[in-house]
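Step one of this worksheet: look at the structure below.
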Amino acid sequence: MQLQAQLKVGAALLLAVVAGVSTCVFVGYAQGYRQSTRNLSTLTSYDQALKAGNAVSAERAPSNILLSLDPHATTAYASTRSAVTDARQRTDAALAQLDQLISARPQASADQTRLGRAREALARARVAYDTLARHAPADRSPQDLQAAIDELIAARDQLDALINHRYDEAVRLAPDQAGIMQMARILSDLREYGGRLSSTLVVPLSTPEAIGPTRQLAIASLRGRIDELHRLMPDRVDETKWSNQDLDVMRTQVERGFFSHTLPLIDAMVARPGMDYGLRAAAFTSQVLPDLLTMEKLEDLFMQRAIAQVADAQQAASRHMRLIGGFLVAFFVFLLAMLRAAERLVILPLLLAKNEVVALANGDLRRAPRAGSSMEARALHEAIDTLRQQHMRSMRLAIERDELSKALRRQAHTDALTGLLNRHALEEITGDLSAEPVRLSKGRGLILIDVDYFKPINDEHGHVVGDWVLREVAGRIQRLVKEPHMAFRYGGEEFALLTNGLSMKELCRLAEDVRHAISDDSFSAPGVSTLSVTASLGVAKGSTTVLTWLDLLNTADTALYQAKAQGRNQLVAAPSSADDALRA
């Protein structure tokens with residue numbers, strides 16, 4: 001046993017060394033996996049913050065168009081009102097998803113406060129828009145229109161602090177994606193400032209008002225910010241890292257759309273003298289909106305690429321963790337197998353023989369692996385084999401006795417003529433009815449069946465035909481009775497169905513099915529062309545008045561007697577507390 005202990009100690013030391021090295025590598029990948037998971041969560045929340053900001057910005061377009069329409073112009077106004085509703089629903093959904101992502105992160109109270117302020121400002125802006133939209137265009141002053149637009153812009157401004165915080169955290173945790181996230185942020189800001197620039201022209205295009213110096217100053221300021229952001233955009237994306245054809249195509253569309261179409265359009269309108277700008281607010285917004293949406297799509301492509309990169313890193317770390325874990329488990333299994341093989345082949349010949357004897361004493365008849373080839377070991381193994389054979393003979397005899405006992409029990413409980421359970425089997429369930437009453441559950445039911453005019457069949461056609469009729473009746477009954485219900489030959493031409501869990505209505509339906517199965521199809525007995533057979537049935541069920549097996553049997557028997565007295569070929573159901581006068 002000392003050698004066995006030494007082998008175990010050596011194997012344990014080797015396993016400890018390998019496990020230590022594997023654990024160090026595993027921990028490194030686990031940290032990378034956790035970091036990737038955090039990065040993915042951060043990028044996802046940042047992406048959703050940008051989406052929420054874009055949704056608030058996008059809500060301005062249909063809202064601005066609505067303020068330029070007459071509420072009495074039913075078709076255009078109704079369709080724009082529907083577009084406003086859809087835009088608000090998209091904004092609310094984006095804010096709700098952002099709230100959910102923020103709530104799942106630790107120390108989310110500050111961002112939740114910022115989000116709450118943005119929602120409050122958005123609610124105020126919507127009230128202002130809805131109030132103005134109900135008035136006729138002549139009753140909407142330029143000051144009121146501009147105030148409503150400013151309210152919605154202020155609601156978008158409330159999200160900037162949250163977006164900045166999400167951006168700073170994303171750059172800090174995932175610096176490898178900083179360039180992508182910066183590009184997405186530039187596009188988000190471009191989309192917002194482009195929308196604000198378009199919104200500055202809504203009032204002049206909706207009311208007879210010139211673009212005054214104050215508005216021109218605001219337009220110039222927004223134009224300067226847009227130009228600055230445009231200069232921050234790289235001429236091309238580093239293809240070795242994260243560019244693809246979709247990004248290049250979308251980038252080209254942004255340049256051709258927003259920078260080559262929308263901005264020149266706005267510049268031309270601002271430069272026009274007087275108050276004739278060539279476009280109304282609705283037409284102008286419809287021309288500008290597709291270019292703004294293209295920037296949103298490009299921003300989304302950048303964010304999805306960043307998220308995909310982090311997800312790839314997470315999956316790679318997960319794969320390496322599984323490989324290291326699988327290697328460690330495989331090595332442990334291999335080492336354990338080698339140790340067990342050494343014990344079997346070198347140390348444990350007698351111990352295996354002892355274990356085999358103990359197993360045999362415990363009833364395990366399998367031949368266990370053996371070791372050793374000496375005369376003494378072979379004699380011991382022969383003695384074990386002799387003991388096993390004797391034990392097997394004893395078990396075979398016990399099994400045979402058990403099978404014989406079961407066969408005798410089946411024979412004692414089976415009616416030889418019909419193959420159904422006999423009255424003795426029923427009495428084992430109900431108990432001795434002459435002794436102390438045995439209570440039964442309310443779910444128990446009993447159907448007594450008596451073949452009508454069976455004695456004339458015996459008298460006219462003989463007992464051979466009579467026995468054939470009983471077997472045919474039993475077969476038809478047995479085809480309808482499924483577990484947990486049981487069918488019995490109660491005696492002579494009487495049969496019994498013992499049911500469990502059926503209501504009185506279901507009992508009567510089963511009894512009626514049995515009656516039809518017996519009476520609807522004529523019998524073709526040997527030597528008899530056709531033979532009509534009917535049956536009378538009595539149905540009873542356990543209830544507050546039928547408490548014992550004896551009560552159940554007497555109640556069913558009384559119902560059977562009534563069925564016979566009423567003309568046979570029918571069933572009578574004994575009244576119960578649930579259905580006092582139920583009849584088939």
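For clarity, every value in this text was computed on a predicted model and none was experimentally measured.
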Within the side chain of [X], is there an N or O that forms a donor-acceptor pair under 3.5 Å with the backbone of [Y]?
X: R140; Y: H135; answer: yes
X: E299; Y: D47; answer: no
X: S318; Y: Q314; answer: no
X: S41; Y: T37; answer: no
X: S82; Y: A78; answer: no
X: T285; Y: A282; answer: no
X: R215; Y: T200; answer: yes
X: D111; Y: L162; answer: no

(request) For the residue pair H320 and V25, establish whether any side-chain heavy-atom pair is separated by less than 4.5 Å. (result)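 No - every pair of side-chain heavy atoms lies 4.5 Å or more apart.
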
(message) Does any part of the side chain of V202, heavy atoms only, come nearer than 4.5 Å to the side chain of F284, both counted from C-beta?
(response)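 No, side chains not in contact.
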
(request) Test D227 against every option in R231, R223, R225 by the salt bridge (Lys or Arg N to Asp or Glu O under 4.0 Å) rule and name the one that passes. (result)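 Of the listed residues R231, R223, R225, the salt bridge (Lys or Arg N to Asp or Glu O under 4.0 Å) partner of D227 is R223.
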
(request) Find the distance between CG (L298) and CE (M233) and round it off to the nearest 0.5 Å. (result)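 One finds 6.5 Å between CG of L298 and CE of M233.
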
(message) With rounding to the nearest 0.5 angstrom, report the CG to CD distance, D99 to Q97.
(response)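 The distance works out to 11.0 Å.
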
(request) Check each of V288, V270, I266, T262 against L197 using the side-chain contact (heavy atoms from CB on, under 4.5 Å) test, and report the only one that passes. (result)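 For L197, the side-chain contact (heavy atoms from CB on, under 4.5 Å) check succeeds only for I266.
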
(request) Would you please test L159 and R114 for side chain to side chain contact (heavy atoms under 4.5 Å, CB included) and show each step? (result) CA-CA 7 Å; L159 283 175; R114 298 183 183 105; over 6 Å; no

